[in-house]
2 protein chains.
Amino acid sequence: MAMYTNEDNDQFLPLRETVYKKLRKQILTGELKPGERLMEIHLANKLDVSRTPIREAIRELELEGLVTIIPRSGAQVAQISEKELRDVLEVRRSLDALCSELACRRATSTDKDRLKKACQAFEEATEKGNSVAIAGADVAFHEIITQATENHRLIEIVHNLADQMYRYRFEYIRDDTNYGQLIKEHRALMNAIVDGDAEKASGIAKQHIDRQEESVLRHLREGESTQQKPRKRRPSAAAAPGSRKPDQGAGI
Amino acid sequence: MAMYTNEDNDQFLPLRETVYKKLRKQILTGELKPGERLMEIHLANKLDVSRTPIREAIRELELEGLVTIIPRSGAQVAQISEKELRDVLEVRRSLDALCSELACRRATSTDKDRLKKACQAFEEATEKGNSVAIAGADVAFHEIITQATENHRLIEIVHNLADQMYRYRFEYIRDDTNYGQLIKEHRALMNAIVDGDAEKASGIAKQHIDRQEESVLRHLREGESTQQKPRKRRPSAAAAPGSRKPDQGAGI
DNA sequence: ACAATATAAATTGTATACAAAAAAGTACAT
DNA sequence: ATGTACTTTTTTGTATACAATTTATATTGT
């Protein structure tokens, strides 16, 4: 066992955090596939820590929506249904529009410069044709806009929503055999923000997501191969019907 | 309190969940004040469980934004600054607008009926003048709209944002010595949804939040009395500058 | 007095033990 | 073969022990 040997590894962070990061990455990259079970002892052995930090990491991931916990049964990598993906995108559509609007109002001149560069970089990446690079450039471009909002809560939520779909990013990129439309949208969005035209920027952002939705959903329907079947469980008196969380709203 | 929780069936739930609910309620109602420390052993004794479920509950609350964890130092009830409140409201503004739009498209006729009744009930509550009842009726009204969207992710996020401000709901309600404007807005929103006029509904929802922002912020500035001062901690090499979470966006 | 430093106390982080529940496996009857 | 009761194995839920770290307190030197 590792004991308290800091092992020189990543940092002085609590184990819980490093475990959290590792699992998270594996889920996002698809190394851990949807439906795959996350068993505490197994993971503890594999990562050479005790069950405690594993448990805590899994619970963090659950609240993030990347993991589903079935009480007294265990955790599994969250299945994402078409409906759920659609829900996520519906929210993203609205929030990406908000990001763009806010960016129009709040982007500094250096923000705008970086946006121009990122836009350029994306175009160059598409010419080279490397999927990883293209996806990276796309993320970088949008990230500048997101950060320009200066609204940390918004940034957090947008990131979270993006994470839910991270697994599909390559399909999405690979889908567009010609990136002409994508480039056009990026340019238009960039210009709108530079000009401070919130109305326009908002509209483009929405369109942008709509296009994404189309291609991601198409791919989801085609390749269902990677997902594992969800485990069924014996009926139990305690099992609440339906919702995965209290979802107890306390609206103001 | 309002809260759509099925109380009492906690018997079969894991302790972690019941602890989570208890702490959550205490934070939202203000029984645990912002800045107050959450110490594991202390809470464990008080609630008569071991530290383990306490820890897990606290971590859930952290991801929800109701608790702040300082590594190796402990957890405290989240302080909410004016900037953060503003950020929350900025997102809510956008999402409440989205809720209203979606409600226009998706509300069933029974939804609409219930909305009318809830609107009516709110008016009656204002006449009676009981703050608790008014706040409850307000929540109920908005909850119908939220649920009508049929978008579970959206519902979850909106609830979470609402929770962040739950502590201020009474100030907000009490502030409006005459509820005329509030009633007018509710009625207008209700009518827009019944008519399916998404554009109009969206606009009203935004105004509604703007009004809230105004009065909540005013009250926040006045009564800073209840908040405890945050503990300061020794500088540490591990302490990351700024952000409380990796926040590593993986945008698509 | 005041600051710096050493010492003690409190508190969190992690590992581990054990009980409770669920899942998987097995034998048996039909 | 199929279904059913029973047993075993696996896995989670909770409690607890101990190490590591931080916070509080006392002590000392100036």
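Scope of the values below: all heavy atoms of this structure, side chains included, with no hydrogens, waters or symmetry mates.
- In this entry the distance linking OH of A:Tyr20 with P of C:dG13 reads 16 Å, nearest Å.
- Remark on DNA chain C: of its neighbouring residues B:Thr52 and B:Met39, the 5'-side contact belongs to B:Met39, judged by nearest-heavy-atom nucleotide.
- Taking atom CD1 of residue B:Ile70 and atom C1' of nucleotide C:dT12, one finds them 12 Å apart after rounding to whole Å.
- Of the candidates D:dA15, C:dG13, C:dT11, C:dG13 carries the atom nearest the B:Glu40 side chain, counting heavy atoms from C-beta on.
- Residue A:Asp48 contributes atom CG, which lies 10 Å from atom P of C:dT16 at whole-angstrom precision.
- Salt-bridge formation is not detected for the pair B:Arg86/B:Glu90: no Lys NZ or Arg NE/NH1/NH2 atom is positioned less than 4.0 Å from an Asp or Glu carboxylate oxygen.
- Contact annotation: B:Ser73 side-chain N/O to D:dT23 OP1/OP2 distance is under 4.0 Å.
- Regarding A:Arg37, its CZ atom lies at a distance of 17 Å from the P atom of D:dT9, rounded to whole Å.
- Under the 3.5 Å distance criterion, the side-chain polar atoms of A:Asp111 are matched with a main-chain donor or acceptor of A:Thr108.
- Between the CZ atom of B:Arg55 and the P atom of D:dA15 there is a distance of 14 Å, given to the nearest Å.
- A sub-4.0 Å separation between OP1 or OP2 of D:dA15 and a side-chain N or O of B:Ser50 is present.
- Side chain of A:Arg72, nearest nucleotide from C:dT11, C:dG13, C:dA22: C:dA22.
- Residue B:Arg51 is in base contact, counting any heavy-atom pair closer than 4.0 Å across all strands shown.
- Distance from the side chain of A:Leu15 is smallest to C:dT14 among C:dT11, C:dA21, C:dT14.
- A distance-only check finds no donor-acceptor pair linking the side chain of B:Arg93 to the backbone of B:Leu89 [under 3.5 Å].
- Here the C1' atom of nucleotide D:dT22 and the CD atom of B:Gln76 are 15 Å apart, to the nearest Å.
- Residue A:Ile54 is out of contact with every strand shown, counting any heavy-atom pair closer than 4.0 Å.
- Computed from coordinates, the A:Ile41 CD1 to C:dA15 C1' distance equals 14 Å when rounded to whole Å.
- Within the 4.0 angstrom heavy-atom criterion, only backbone atoms of the sugar-phosphate kind lie near A:Arg16; the bases stay farther away.
- One can place CG of B:Leu43 at 16 Å from C1' of D:dA15, the figure rounded to the nearest angstrom.
- Side chains of B:Glu143 and B:His159: a donor-acceptor N/O pair is present below 3.5 angstrom, by distance only.
- Between C:dA22, C:dA17, C:dG13, one nucleotide has an atom nearer to the side chain of A:Pro14 than all others, and that is C:dG13.
- The local environment of NZ in A:Lys25 is sparse, with at most 12 non-hydrogen atoms from other residues, nucleotides or ligands closer than 6.0 Å.
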